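What follows is a set of notes on a single structure, which appears directly below.
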Amino acid sequence: MDEAAERIRRLCTAMEDGEFHALADEAGAGDVVARLLTAVRGAGGAPSALVKDLDALDEAMATLGVGPVTRPERAYRALPGTGGGHPVVHAWTCPAAVPCDRVEVAARDAGPPRCAVTDRPLTSVQVRT
């Protein structure tokens, strides 16, 4: 149930936004949120039902354009019949001799963010995906 616990934490964080319930209602997931809250607050239920509701909430919110709420990030999947080619992503990374794991994707013309530890601009890198 570790995955469910992580997803519930993400749900809790998302709910701190005052617009969350309105967005869930707009996405048609108000009843799903109500079931999740009932389960999490102690009414229990089968763990499989909890995960099913978490998945349903993510799908509804993604359909609305918000993106998944309880998953850490979207996973890239190529559309069927596409492929070939390797797009390049431009990113900024830590410039320190012992770098942290900071990576920022930003428009190249915006200029690099600065590292507060080294007081230097982040390093531009190109990553083939």
Side-chain angles (χ1 to χ4, degrees):
M1 186 116 159
D2 292 333
E3 178 186 350
E6 179 181 339
R7 292 179 72 185
I8 291 167
R9 175 183 51 81
R10 291 179 186 282
L11 173 62
C12 180
T13 302
M15 290 180 63
E16 291 175 353
D17 179 356
E19 301 293 316
F20 177 80
H21 287 286
L23 287 171
D25 287 340
E26 185 178 339
D31 59 331
V32 175
V33 172
R35 284 194 308 269
L36 285 166
L37 293 178
T38 299
V40 171
R41 289 176 179 158
S48 62
L50 181 67
V51 170
K52 183 178 175 183
D53 280 341
L54 290 166
D55 289 342
L57 175 62
D58 280 347
E59 288 176 28
M61 296 299 265
T63 300
L64 186 64
V66 174
V69 173
T70 70
R71 296 254 183 219
E73 60 188 57
R74 294 182 193 182
Y76 170 79
R77 289 180 284 180
L79 294 172
T82 63
H86 296 277
V88 174
V89 175
H90 297 277
W92 302 104
T93 61
C94 182
V98 180
C100 69
D101 62 358
R102 180 178 177 189
V103 176
E104 292 194 21
V105 178
R108 292 186 52 77
D109 60 332
R114 294 194 69 81
C115 172
V117 173
T118 64
D119 195 31
R120 294 186 354 220
L122 271 60
T123 305
S124 176
V125 296
Q126 294 182 6
V127 180
R128 278 199 189 276
T129 59

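Fair warning: this is a prediction, and the values are worked out from it, not measured in the lab. Values reported hereafter were calculated over all heavy atoms of this structure, with side chains retained and with hydrogens, waters and symmetry mates removed.
Using a 4.5 Å heavy-atom threshold, the side chains of M61 and T70 count as separate. Put simply, the side chain of V69 does not reach to within 4.5 Å of the side chain of L23, judged on heavy atoms. Counting heavy atoms from C-beta outward, D58 and L54 have side chains that stay 4.5 Å or more apart.
The CG atom of L36 sits 9.0 Å away from the CE atom of M15 when rounded to the nearest 0.5 Å. Here the CG atom belonging to L11 is positioned 10.5 Å from the CD atom belonging to E16, to the nearest 0.5 angstrom. Atom-to-atom distance recorded for R9:CZ and T13:OG1 is 6.0 Å, nearest 0.5 angstrom. Within the model, atoms CD of E104 and CG of L122 stand 6.0 Å from one another, a figure rounded to the nearest 0.5 Å.
The shortest non-hydrogen separation linking P121 to R114 is CD-NH1, 3.6 Å. Residues V103 and A91 approach most closely at CG1-CB, 3.9 Å, considering heavy atoms. In terms of heavy atoms, A62 sits closest to P68 at CB-N, 4.4 Å. Of all heavy-atom pairs spanning C100 and C94, the tightest one is N-SG, 3.4 Å.
The same ILVMFWY cluster, assembled from side-chain heavy atoms under 4.5 Å apart, contains both V66 and L57. Hydrophobic clustering (ILVMFWY, side-chain heavy atoms < 4.5 Å, transitive): F20 and V32 are in one cluster.
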Q. When you look at L50 and R7, which way does the side chain to side chain contact (heavy atoms under 4.5 Å, CB included) test go after all the steps?
A. CA-CA 10 Å; L50 181 67; R7 292 179 72 185; over 6 Å; no
